[in-house]
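Here the structure is laid out as structure tokens; the discussion comes afterwards.
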Amino acid sequence: MSLAQVHYTSAAPGDEGTAGRFTAVGPGVSGALLAELEPLLRHELPDGVPDHPSDGELRSLPQAFTYAILSDGSRLVSRSAPVRATGGGVGPGVRFHAHAVHLPPGVPLPGDRLPVEAWRSPHWVAVTPGGAIPDPLTLSPGPTAVSEGLDDFAVSRGPWLAAVLADLRRASEPTESDGRPVVLVERQCADVARWLGLASVTLPRESTERLTFTTYTRLPGSSAARVVGVLPEDAEAARAAGLRVHVCAEQPPSGGGTDDTWAATAARVWRSRSPELFREARELPGEPFAAGPLAVTALCAGIALGPDGRTAAAGWAADRPYALDAKRTGQLVEALTSPGIDDRTGPEFDSVGRLFGALEGRCPAAVTAPLAAMLVTEAVRGGNGSLELPRRDAFVGPEGAAVAERLAPEILTELGDTAGSRAVARTVQLLRVARLLGVDDTDSLPGVVNHLAPALLAEAAEGGTDTPGFAPALLELLDEQFEVRTALLGALDRIAPQDPGAVARFLERVALPFTGTQVLPHLRMCAEVPGAMATLGGDRAAVWHRVLRAAGLSPFAEPLVLRTAVGLVWEDRAPTVEEARLLLDAATSDSHRVAGTWARLVDAALSAPAAEPPAAGPSPASTDEAAALAHDLLRGFPGEIGGRERAGLLLLDLVRELRTGAPEPGWAETVRTLCAQAEPVEPALRERAHAALVERLLAPDRPGAELYDFVHGDDAELIAAYDRTARTETVRTRLRTQPAYAADCFTVWTAHPHAGTTWPPVAAALLDEVLRPAVRAMSAEDVAEVEATVGRTGSSGRADAFRTWNRSSTLGRLGRRIAGRVRRG
């Protein structure tokens, strides 16, 4: 069919206020369409155009070649070119003429050509014809002028190629993100057309047809095209408009790359002058702009790619192992395993590992052997611990022997170095590769395992509560190699008593296979404790019994199970006194001595809270569990307990004797001495010792010599403790109900008026504030008995002193009563 043509030219002289006018309009082009076409056909010349340009200068002025999609779905292909003016117009000597072809909706270009191919059509005219002229879109068969020399152009634009192709791809998507054009800055509009020619070869056809463009404009920010060309002098305005600008007419950009793997691969194809590969790649399965098919095609053609391209190729082929024939599969493997590549990355090796797994068993061993060799070489020399290693049978034959001979010395040397801080993943990988290649590592295995076991716990602890990254490979290693599993589990079992909590936390994250015939008592206990804690809650004694049973060994036969069990249940705290008594009775002192758990029992005794004073005062029947535990510990571990711990336990033992027995003389001095030796002494322990001493000193049967030493020792802390205890309700009750006890306290509190500086005021306060209220509450008979007892146990003078003291109290009461009556009167 014949396509409608439109001609538009600069305004004629005298047509002020207009930019131009239509001089010819073909059939079927409505007035509404003309209004939409006019802004697309206008042409603004660059600054500095000569008034009377020469023919060469006229030809060098920019031409705008445009492809647009109109609002009704029809399309427009046009060329706006400067022409010499015969008078008036845009400039004194230059005007423009636009020649356009309108394509109705659904009508393709003649010969199913792409719009950009008509750039150099010989049928574009620069004047309005007098009659019918050939359609500019009707081109002769074969490559058009715009397609010629694209290889050379691509090579010349190498630094910009990948970034521009990436943006052209994004601009060709069905729905653009922001609708703003990609700006190509070139000195010649023909070079913008060549960029579009590169896009037409590189992109799928449907993408190319969406790529509207104009090769020249001075207003890129207001253009509706997806790609626009501007001259260098207009580049800054495009940047200011926030457009994506590629200045291809200046110094090449530093770096100049893109993270778009497809675009980077396409750029390498163009620089290799192999555009036919784009068509071949589109015949392979995959998304239109997936990097894999193009990367595979390029590698098979011998084009070197970067690590991202090789990764994409290996990953694509791994997902589609049947998509390539045997020849291309071999070419791909050869390209991926080329010895000249020195920039391989971890993701690339992972993709190659997946490819090997996909091809193994489907291809001859001669094809997959280079992949296997590359993977194990990387595992040894590159330290990539995440690689999926080949199976052991991948190296049967001469290929395997050659790889083993090359790598065995390196593997054994590194495994034998146990002084460094080698990562767990690295050790696991080396052990797996050694087995894979048949390397005999028997001699180095004990040292390797002894280095690996603590490293497992350390790395797992650094990772918090997450499963360690080395866990999958470690479990595979233990499943593959029985001798490594046996040795490693044994090493962990030996470590467990030293830090059972760390081992237990590790086993919660990594389920080691120790359900076989190995005894492994400590590992079994560590594995049991989480379930026991969850089931039995806060009953630590019950948890301890259950964990100990999990060991399968008696603490009499294997004392170290005591240490492990105690460390698991009381990892960060001391047992209570009751729990410590349970532990002490569960095994002999020899077992606790070997296990070292006696220190936990000492901590339990020394950190026990202060006991409440007995309600009825000290008596032979009263008990103190912490003091009793201290007594047993001193007797059971005399050679192990020393220093401040021994002094603290002796202090507790003295508490026991003060409350239940007859301690050696010099109580107060002993308390002071032991407290000094136990520094820093626990506050509760100091309080317990002071309380026991003063309770005994306040007892009716206390020796006078001990009381005398106490009073004259002038120890402020002890005297303060005495004062507090004397004011308790227990002592006040005894004073009110036992005249003999009241008489004894009067004697004591008045007998040492000059004993240092601390005691006299305390004694005076106790007389007035504690004893006097008790005597007031007594009957006359009891008061008389107190007076008689004071005289009988002291002297007549002391009895007189009591009467005087008591009379002053009575007179004081009487005076207060009389004063009250006077006030009431």
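- Taking the side chain as every heavy atom from C-beta outward, Arg42 and Leu219 never approach each other to under 4.5 Å.
- Checking side-chain atoms of Arg244 against main-chain N and O of Asp167 turns up no donor-acceptor pair under 3.5 Å.
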With side-chain contact (heavy atoms from CB on, under 4.5 Å) as the test, would you mind laying out the steps for Thr329 and Arg362 before giving the verdict?
CA-CA 11 Å; Thr329 298; Arg362 296 190 176 102; over 6 Å; no
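- Between the CG atom of Leu299 and the CG atom of Leu336 there is a distance of 6.0 Å, given to the nearest 0.5 Å.
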Criterion side-chain contact (heavy atoms from CB on, under 4.5 Å) on Asp72 and Glu36, from CA distance to verdict:
CA-CA 10 Å; Asp72 64 350; Glu36 189 175 353; 5.6 Å; no
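- Atom CD of Gln251 has 12 or fewer heavy atoms from other residues, nucleotides or ligands within 6.0 Å.
- In this structure, the ring of Trp119 has its center no less than 6.0 angstrom from the ring center of Tyr67.
- Between the side chain of Thr261 and the main chain of Gly309, no donor-acceptor pair closer than 3.5 Å is present.
- Taking the six-membered ring for Trp, Trp195 and Phe153 have ring centres closer than 6.0 Å.
- Residue pairs meeting the salt bridge (Lys or Arg N to Asp or Glu O under 4.0 Å) criterion with at least one partner in residues 184-193, sequence neighbours excluded, are Arg157-Glu186, Arg157-Asp191, Asp191-Arg194.
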Applying side-chain contact (heavy atoms from CB on, under 4.5 Å) to His102 and Ser74, what does each step give before you reach the verdict?
CA-CA 7 Å; His102 179 255; Ser74 62; 3.0 Å; yes
Start with the C-alpha gap between Leu198 and Leu168, add the side-chain angles, then the distance that decides, and say whether side-chain contact (heavy atoms from CB on, under 4.5 Å) holds.
CA-CA 10 Å; Leu198 292 178; Leu168 293 180; over 6 Å; no
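- Taking the side chain as every heavy atom from C-beta outward, Ile303 and Thr297 never approach each other to under 4.5 Å.
- In this structure, the side chain of Ser351 does not engage the main chain of Ala314 through any donor-acceptor pair within 3.5 Å.
- Arg170 has no carboxylate O lying under 4.0 Å from a charged side-chain N of Glu173, or vice versa, which leaves the two without a salt bridge.
- A donor-acceptor contact shorter than 3.5 Å links the side chain of Ser10 to the backbone of Phe96.
- Residue Glu206 qualifies as enclosed at atom CD: its count of foreign heavy atoms under 6.0 Å is above 12.
- Under the 3.5 Å distance criterion, the side-chain polar atoms of Ser172 are left unmatched by any main-chain donor or acceptor of Leu211.
- The distance from the CZ atom of Phe356 to the SG atom of Cys363 is 10.5 Å, given to the nearest 0.5 Å.
- Relative ring orientation between Phe65 and Trp124 is described as perpendicular, the plane-to-plane angle rising above 60° on a 0-90° scale split at 30° and 60°.
- Between the CG atom of Leu184 and the CG atom of Leu196 there is a distance of 7.0 Å, given to the nearest 0.5 Å.
- How far CG of Leu34 is from CZ of Phe22: 4.5 Å, rounded to the nearest 0.5 Å.
- Between Arg354 and Asp319, some side-chain heavy-atom pair lies under the 4.5 Å cut-off.
- No side-chain heavy atom of Val6 sits under 4.5 Å from any side-chain heavy atom of Leu76.
- Closest approach of Gln63 to Pro82, counting heavy atoms only: CG-CD, 4.0 Å.
- Note that CG of Leu294 is 10.5 Å distant from CD of Glu280, once rounded to the nearest 0.5 Å.
- For the pair Glu459/Pro468, no side-chain contact is recorded, criterion being any heavy-atom separation below 4.5 Å from C-beta on.
- By the side-chain hydrogen bond (donor to acceptor under 3.5 Å, both in side chains) test, Thr9 pairs with no residue at all, sequence neighbours left out.
- Donor-acceptor pairing under 3.5 Å is lacking for the side chains of His123 and Thr138.
- Residues satisfying the side-chain hydrogen bond (donor to acceptor under 3.5 Å, both in side chains) test with Ser156, not counting sequence neighbours, are none.
- Shown here are the ring pair (Phe, Tyr, Trp, His ring centres under 6.0 Å) partners of Tyr216, two or more places apart in sequence or in another chain: His43.
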Give the table of side-chain donor-acceptor pairs shorter than 3.5 Å for residues 103-112, with sequence neighbours excluded, one pair per line with atom names and distance.
residue : atom : partner : partner atom : Å
Asp112  : OD1  : Arg205  : NH2          : 3.2

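- Formation of a donor-acceptor pair under 3.5 Å by the Arg273 side chain with backbone atoms of Ala154 is not found in this model.
- Every pair passing salt bridge (Lys or Arg N to Asp or Glu O under 4.0 Å) that includes a residue from residues 211-223 is listed here, sequence neighbours excluded: Asp47-Arg218, Arg218-Asp234.
- Other residues, nucleotides and ligands place more than 12 heavy atoms under 6.0 Å from the CD atom of Glu209.
- Looking at Val247 and Arg239, their side chains come closer than 4.5 Å, going by heavy atoms from C-beta outward.
- Here the side chain of Ser272 pairs no donor or acceptor atom with the backbone of Ser274 at under 3.5 angstrom.
- Two residues are said to be in side-chain contact when any heavy atoms from C-beta on lie closer than 4.5 Å; Arg113 and Leu137 fail this criterion.
- For residues 282-334, every residue pair satisfying the ring-ring contact (aromatic ring centres under 6.0 Å, His included) rule, not counting sequence neighbours, is listed here: Trp262-Phe289.
- Atoms CG and OG1, on Leu161 and Thr202 in that order, are 7.5 Å from each other to the nearest 0.5 Å.
- For residues 288-309, no pair satisfies salt bridge (Lys or Arg N to Asp or Glu O under 4.0 Å), with sequence neighbours left out.
- Heavy-atom minimum distance, Val101 versus Pro136: CG2-CD, 3.6 Å.
- Partners of Tyr8 by side-chain hydrogen bond (donor to acceptor under 3.5 Å, both in side chains), not counting sequence neighbours, listed by chain and number: Glu38.
- By the side-chain contact (heavy atoms from CB on, under 4.5 Å) test, Val49 pairs with Leu45, Pro46, Leu61, Val94, sequence neighbours left out.
- Side chains of Trp270 and Asp151 form a contact here, defined as non-hydrogen atoms less than 4.5 Å apart.
- For the side-chain hydrogen bond (donor to acceptor under 3.5 Å, both in side chains) test, residues two or more places apart in sequence or in another chain that qualify with Thr128 are Thr23.
- Residues Val116 and Ala193 share a closest heavy-atom pair of CG2-O, 3.7 Å.
- In this structure, Ala162 and Thr258 approach most closely via the heavy-atom pair CB-CG2, 3.6 Å.
- Minimum interatomic distance between Val125 and His7 (heavy atoms only, all atoms of both residues): CG2-CE1, 3.3 Å.
- Screening residues 53-68 for salt bridge (Lys or Arg N to Asp or Glu O under 4.0 Å) gives Asp55-Arg84 as the qualifying pairs, with residues at least two apart or on separate chains.
- Considering every non-hydrogen atom in both Ala224 and Thr212, the closest pair reads O-OG1, 4.2 Å.
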